[in-house]
Protein chains: 2
Amino acid sequence: MTTRLDRAVIRDLAMFRDLAEADLDAVLAAATTKRLAPGDIVFNQGEIADAFFVLLHGRLKVTQTTPDGQQVVVRHVNPGEVFGIARAVRRPDFPGTAEAVVESLALGWPSDHWDVLTARCPALAVNALATVGQRLQDAHTRIRELSTEAVERRVAHALLRLVRQAGRKTDDGILIDFPVSRQDLAEMTGATLHTVSRLMAAWETKGLVASGRKRVVVRDPHALLMIAEGEG
Amino acid sequence: MTTRLDRAVIRDLAMFRDLAEADLDAVLAAATTKRLAPGDIVFNQGEIADAFFVLLHGRLKVTQTTPDGQQVVVRHVNPGEVFGIARAVRRPDFPGTAEAVVESLALGWPSDHWDVLTARCPALAVNALATVGQRLQDAHTRIRELSTEAVERRVAHALLRLVRQAGRKTDDGILIDFPVSRQDLAEMTGATLHTVSRLMAAWETKGLVASGRKRVVVRDPHALLMIAEGEG
DNA sequence: CGCGGTGTTTGCGTTTGCGCAACACTCTCC
DNA sequence: GGAGAGTGTTGCGCAAACGCAAACACCGCG
C-alpha cells in the first residue's frame with residue numbers, strides 16, 4: 001500500500017489485456033494491496049461484496065458452505081486471476097468464502113469502482129466476460145464429472161487439475177505447490193474424507209502418488225490419467 | 001425472416017437492458033429468425049460457434065455428451081434468454097447441444113457480429129456478464145447439490161426449479177409447461193432413469209406429483225420443498 | 001520434551017442407488 | 001388398425017461408497 005505499484009505488475013494479466021498504459025495506471029491508482037497469511041479470510045460467504053480482487057501471488061481456496069454445515073470447494077484462485085467479482089455480475093453479496101492457503105498477496109478495489117473502470121475501459125467488461133465464461137465451462141465440466149463418473153475417476157481428475165494449476169516439477173515427481181488435505185480433495189470431488197484416504201493409500205502403494213500431511217506429489221501422471229479417463 | 005421485427009420484441013429482455021431505441025433497431029437489423037419444431041437441433045456440441053441466439057418463444061434443452069455417450073442436461077433455455085454465446089466468452093466451438101423441446105422461435109446473429117454490437121453498445125457486454133455470472137451461480141448451486149445431497153433431494157430440487165422456470169398453474173396443480181421425461185430428470189440430477197422412476201412412483205402414491213408420459217404436474221410443492229431441504 | 005490439536009489411516013457394518021432384465025403402456029407412422 | 005419404436009414401470013441382486021468409531025502419525029508450541 002505504501003509502495004508504489006508498477007504497471008508491469010498487472011499488464012500481463014488476462015483481466016487487463018488490451019488496456020492502454022494510461023488506463024493501467026488509472027486502474028492501479030485505485031488499488032490497495034493486501035497481504036495474507038495462510039488461513040486468512042479475504043471475504044466470507046454472504047458478506048456484502050464491497051470489493052473485488054486480483055491475486056498477485058500465492059494461492060486461495062474458495063468454498064461454499066451449505067446450511068447444514070457441509071463444505072464444498074468451489075475453486076482455487078491462482079496468481080493472476082480475479083476473484084470476488086460478485087458485483088460485476090450484479091450480485092450484492094459474496095457467494096463463497098475466500099481463504100489463503102499459503103502466504104499471498106492481492107490487489108483490491110472498491111466494488112463501486114467497477115462501474116467507473118468499465119466505463120473508462122470497456123475492454124475490462126469483455127475480459128471479465130471471457131473469464132467468467134471460462135469458469136462456467138469449468139463448472140459444467142465438474143457437473144458432468146459429478147453426474148457420470150465414479151469417485152475414483154473424479155479424484156484422479158481433481159489431482160490432475162491441481163497438477164495443471166499448481167504443479168511444480170521435482171526429482172520426486174510433480175509436487176502440488178500448496179497444502180492440500182484429504183478433506184480438501186473430498187470437498188473438491190463430492191466424496192468423503194475416508195474414501196479419498198483409501199484411494200490415495202491404494203495409489204501410494206502402486207507408486208502413482210506420494211503424499212503426506214497436506215502434501216501431495218504425483219509420481220505417475222500418465223497412470224493417473226488412465227484412471228481418470230476410465231481405463232485404469 | 002421476411003416479417004419486419006419490432007423493437008418491442010427485444011426491448012424488455014435482460015440482455016438488451018439500457019439500450020437506446022436506435023441501438024435496438026441496429027441490433028434487430030442484423031438478426032434472422034429461426035423457427036424450430038420439437039426435436040430440432042439449433043447447434044451441436046463441438047460445432048464452430050458461428051452464431052448466437054435469443055429465444056423468443058418456446059423452450060430448449062442444452063445437453064453435453066461425454067466421450068462414452070452419457071448425456072447431461074446442462075440447462076433449459078427459457079423465453080427471453082440468450083444462448084450459444086460461446087464466441088462472446090472466447091470459445092471457438094459450442095460446448096453443448098441445443099435442442100427444441102417444444103415449438104420455438106429464436107433470433108440469431110452471426111458470431112462475428114458480437115464484436116460489432118458490443119463496440120456500439122458496451123452495455124451488451126455488461127449485460128452478458130451479468131447473465132453468465134448468474135449461470136455460474138446456478139452451476140455452483142448444482143455442484144453443491146451433487147456433492148452433498150442424496151438423490152431424492154436432488155430430484156426434488158430439480159422439480160422445484162422446473163416449477164419456477166416453467167410452472168403453469170392448473171386446477172390439478174402446477175404443470176411443467178414442456179415435455180419432461182424421466183430420462184431428462186435423471187440427466188438433470190446425475191441419477192439413473194430407474195431411480196427417478198421409483199422416486200416419482202413413490203411421490204405419486206403420496207399425492208405429491210402426478211405424471212404421465214413426458215408430463216409432470218406438481219400437486220404439493222410445499223411437501224416437495226420439505227424433501228428438497230432435507231426434512232422430508 | 002511433553003502436550004494438544006489437527007490431519008490421516010483403517011476396520012466394519014450398512015445402505016443407497018446402480019445394473020440388468022423383463023414387461024407394460026402410448027403415441028406415431030404406415 | 002396394426003406394427004414398432006420410444007417411454008415408463010418394477011423386481012432383484014450387488015457393489016461402491018458412506019457413516020461411525022477408534023487408533024494412529026505428525027506438527028508446532030510452550
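In what follows, chains carry the letters A, B, and so on, assigned in the order in which the sequence lines appear, proteins first and then strands, with residues in each chain numbered from 1.
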| query | When you measure from every atom of DNA chain D, which of residues 172-191 of chain A have a heavy atom less than 4.0 Å away? | reply | A/G190, A/A191

| task | Look only at the side chain of A/S104 and the backbone of A/R59, and say whether a donor-acceptor pair between them is shorter than 3.5 Å. | result |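 Such a contact is found between A/S104 side chain and A/R59 backbone.
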
| request: Between B/S211 and A/R154, just flag the one whose closest nucleotide in DNA chain D comes earlier from the 5' side. | output: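 In this pair, the answer is B/S211.
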
Nucleotide [N], atom [atom2] - distance to [atom1] of [X] in whole Å:
| X | N | atom1 | atom2 | value |
| --- | --- | --- | --- | --- |
| B/R153 | C/dG17 | CZ | C1' | 16 Å |
| A/R215 | C/dT9 | CZ | P | 13 Å |
| A/L193 | D/dC20 | CG | P | 13 Å |
| B/R213 | C/dA24 | CZ | P | 17 Å |
| A/H194 | C/dT14 | NE2 | P | 17 Å |
| A/R198 | C/dG13 | CZ | C1' | 12 Å |
| B/K214 | D/dG6 | NZ | C1' | 9 Å |
| B/E152 | D/dC18 | CD | P | 18 Å |

| message | Please report the interatomic distance CZ(A/R182) to OG(A/S197), rounded to the nearest 0.5 Å. | response |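 Rounded to the nearest 0.5 Å, the CZ-OG separation comes to 5.5 Å.
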
| message | With a 4.0 Å cutoff (strictly under), does any side-chain N or O of A/T192 reach OP1 or OP2 of D/dA17? | response | no

| message | Please determine whether a side-chain nitrogen or oxygen atom of B/S197 lies at a distance below 4.0 Å from atom OP1 or OP2 of D/dT9. | response | yes

| task | Over all heavy atoms of both residues, which pair between B/G167 and B/I174 is shortest? Give the atoms and the distance, please. | result |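 Nearest heavy atoms, B/G167 then B/I174: CA-CG2, 3.6 Å.
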
| query | With B/E145, which of B/R161, B/R154, B/R153 fulfils salt bridge (charged side-chain N to carboxylate O under 4.0 Å, His left out)? | reply |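 Looking at B/R161, B/R154, B/R153, the match for B/E145 under the salt bridge (charged side-chain N to carboxylate O under 4.0 Å, His left out) is B/R161.
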
| query | So B/F53 and B/F83, would you call those rings parallel, tilted or perpendicular, with 30° and 60° as cut-offs? | reply | parallel

| Residues A/E81 and A/R75 bridged, charged N to O under 4.0 Å | yes

| said: Quick one about A/S181 and A/D184 (side-chain donor to acceptor, distance below 3.5 Å, no hydrogens or angles considered), yes or no? | reply: yes

